[in-house]
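Just below is one structure, and these are the notes that go with it.
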Amino acid sequence: MAVLLIINADDFGYTAGVNRGIIKAMECGAVTSTSLMVNQPGTGDALAVLRRGGLKAAGVHLCLTAGRPVCDPAEVPSLVDDRGWFKEKDALLSGLLNEEEVRKEFLAQVEKVRAAGVRISHLDTHHHVHSHPVILEALLDVARHYRLPVRSLDYSMRRRIRSRGIPTPDYFCGCWFDERVSGESFRRLVAAGLQNGAGVMELMTHPGMVDEELERRSSYTWQRERELAVLCDPDTRQWLLEQGVKPGSYLDLAGHPPG
């Protein structure tokens, strides 16, 4: 069986420019999957694309470190600062987290997507916050409730996720980022996953087009356009074709038993 390769674009919904880049990367590039942020300036624009059927499905890029919660901030006090905004990552992960509050916010974010009539493919998290054990437990409860696959970051997390009966890829590459982005590094990282013997592998990406909103809110700006250029390069798609991989999304996991 050919290796199923999921090339996921994180941050769909972050800004309208990021959305345009992700859509381009899926329509004419190598990206095969995306995950949606539900509490960002571009969320409405992204949901409109999904409702029109521009994309078949999207994961939910569950967020606890940017913007405001979907829940009333008073209901999730361990997650927010004095303004009612999510804490920054370091402050969040070094503080005392309430698992029930995390679960409540994750459920609210998933329900916002479901209420829009969008098919959900999987769950992952912004800034990989489910590396924290409290957040991971809440995430797994939500994933089991909705019967959704989850992104695993490493071998130990993969075992934990699968012990709960939740599908997850056999291999994850999250280091194609920032100065590491090039066509050569893309090929090298995918080749490493193929040599690993995985049946299903995921490569995380962050393509986008720079707009004013992105420049105001993020330090990762022009780098997204560099990712987009590599992902839309015909040589990238040709190389993947030559490797014999099967491009797919988390919706395809059911047909691939754990590697």
Side-chain angles (χ1 to χ4, degrees), residues 5-70 86 105-106 108-130 139 146 148-151 169 172 174 176-177 181 202-218 220-232 247-252:
L5 175 61
I6 301 168
I7 300 179
N8 192 82
D10 288 17
D11 296 352
F12 193 47
Y14 193 57
T15 73
V18 169
N19 295 348
R20 290 196 300 274
I22 289 173
I23 293 164
K24 181 178 179 180
M26 297 188 75
E27 289 180 344
C28 62
V31 169
T32 58
S33 171
T34 190
S35 43
L36 169 72
M37 303 180 80
V38 307
N39 66 330
Q40 300 299 312
T43 296
D45 174 69
L47 286 173
V49 171
L50 288 160
R51 281 194 295 264
R52 291 195 302 266
L55 303 177
K56 183 165 60 174
V60 182
H61 197 51
L62 295 161
C63 180
L64 299 177
T65 56
R68 293 178 63 87
V70 174
F86 281 133
E105 177 61 22
F106 281 174
Q109 292 187 24
V110 173
E111 281 300 317
K112 182 173 179 177
V113 180
R114 282 167 50 86
V118 172
R119 185 179 184 187
I120 299 174
S121 59
H122 70 286
L123 302 176
D124 55 37
T125 65
H126 190 50
H127 293 149
H128 297 329
V129 293
H130 64 300
L139 173 61
Y146 292 106
L148 291 170
V150 169
R151 169 185 287 169
F172 172 70
W176 197 64
F177 190 75
V181 172
E202 179 188 2
L203 176 73
M204 179 185 73
T205 69
H206 295 84
M209 296 179 182
V210 178
D211 57 13
E212 291 183 5
E213 187 75 42
L214 184 66
E215 289 182 322
R216 282 197 300 270
R217 304 183 63 244
S218 177
Y220 200 68
T221 55
W222 59 267
Q223 301 95 326
R224 295 178 189 264
E225 295 193 347
R226 183 165 64 180
E227 289 196 29
L228 179 61
V230 174
L231 293 165
C232 290
S249 75
Y250 274 86
L251 297 175
D252 301 307

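Computed from a prediction, not measured in an experiment: that's the story for all the values here. Quick note: residue numbers are just sequence positions, from 1.
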Does any N or O in the side chain of Y250 come within less than 3.5 Å of the main-chain N or O of I6, such that one atom is a donor and the other an acceptor?
-> no

Between R51 and G44 the two heavy atoms that sit nearest each other are NH2-O, 4.5 Å

Point to revise | T65 side chain near F86 side chain, heavy-atom distance below 4.5 Å | key: no

field: R151 to F172 six-membered ring, cation-pi geometry met (6.0 Å, 45°)
entry: no

Does L62 form a side chain to side chain contact (heavy atoms under 4.5 Å, CB included) with L123? I'd like the steps, not just the answer. CA-CA 7 Å; L62 295 161; L123 302 176; 4.2 Å; yes

Review point. Are any of the side-chain heavy atoms of Y146 and I120 separated by less than 4.5 Å?
Key: no

Taking the inter-plane angle between the rings of H126 and H61 on a 0 to 90° scale, is it parallel (under 30°), tilted (30 to 60°) or perpendicular (over 60°)? perpendicular

- prompt: Q109 side chain to C63 main-chain N or O, any donor-acceptor pair under 3.5 Å?
  reply: yes

ask   = If only atom types and distance count, is the side chain of T32 paired as donor or acceptor with the main-chain N or O of I7 below 3.5 Å?
value = yes

Below 4.5 Å, heavy atoms only, C-beta onward: do V181 and Q223 meet side chain to side chain? no

Output for pair (L203 CG, N8 CG), nearest 0.5 Å, gives 9.5 Å

**Asked** With a 4.5 Å limit on heavy-atom distance, are the side chains of P207 and I22 in contact?
**Response** yes

(message) Quick one, V49 and I23 - any side-chain contact, counting heavy atoms below 4.5 Å?
(response) yes

Quick check on R119: does its CZ atom have over 12 non-hydrogen neighbours (other residues, nucleotides or ligands) under 6.0 Å away?
no

| message | Go through it in stages, so that I can follow the logic: the residues are H122 and S33, the test is side chain to side chain contact (heavy atoms under 4.5 Å, CB included), and I'd like the CA-CA distance, side-chain angles, deciding distance and then a yes or no. | response | CA-CA 10 Å; H122 70 286; S33 171; 3.7 Å; yes

Next on the checklist: Would you say that D124 contacts M204 through its side chain, given a criterion of any heavy-atom pair below 4.5 Å between the two side chains?
Outcome noted: no

With side chain to side chain contact (heavy atoms under 4.5 Å, CB included) as the test, would you mind laying out the steps for W176 and V230 before giving the verdict? CA-CA 11 Å; W176 197 64; V230 174; 3.7 Å; yes

Open item on the list: Is any side-chain heavy atom of V38 closer than 4.5 Å to one of V110?
Closed with: no

S121 and P149 have their tightest heavy-atom pair at O-CD, 3.3 Å

Between K112 (side chain only) and V70 (backbone N and O only), is there a donor and an acceptor less than 3.5 Å apart?
no

Main-chain N/O of R68 paired to N39 side chain as donor or acceptor, under 3.5 Å:
yes

Closest non-hydrogen contact found for G21 with L228 is O-CD1, 3.3 Å

- Would you confirm whether T34, through its side chain, and A9, through its main-chain N or O, come within 3.5 Å as a donor-acceptor pair? yes

| query | Is there a donor-acceptor pair closer than 3.5 Å between any side-chain N or O of N19 and the backbone N or O of F12? | reply | no

On a heavy-atom basis, the closest approach of L55 and M26 is CD2-SD, 3.7 Å

SG of C232 to CD of E225, rounded to nearest 0.5 Å, is 11.5 Å

Of all heavy-atom pairs linking A66 and Q40, the shortest is O-NE2, 3.2 Å

Check: Would you call R224 and E227 a salt bridge, using N to O less than 4.0 angstrom?
Finding: no

Taking every heavy atom of L36 against every heavy atom of G13, the minimum-distance pair comes out as CD1-CA, 4.1 Å

- Message: Between S218 and T221 (side chain of the first, backbone of the second, donor and acceptor by atom type, cut-off under 3.5 Å), is there such a pair?
- Response: no

d(L231 CG, R226 CZ) to nearest 0.5 Å is 12.0 Å

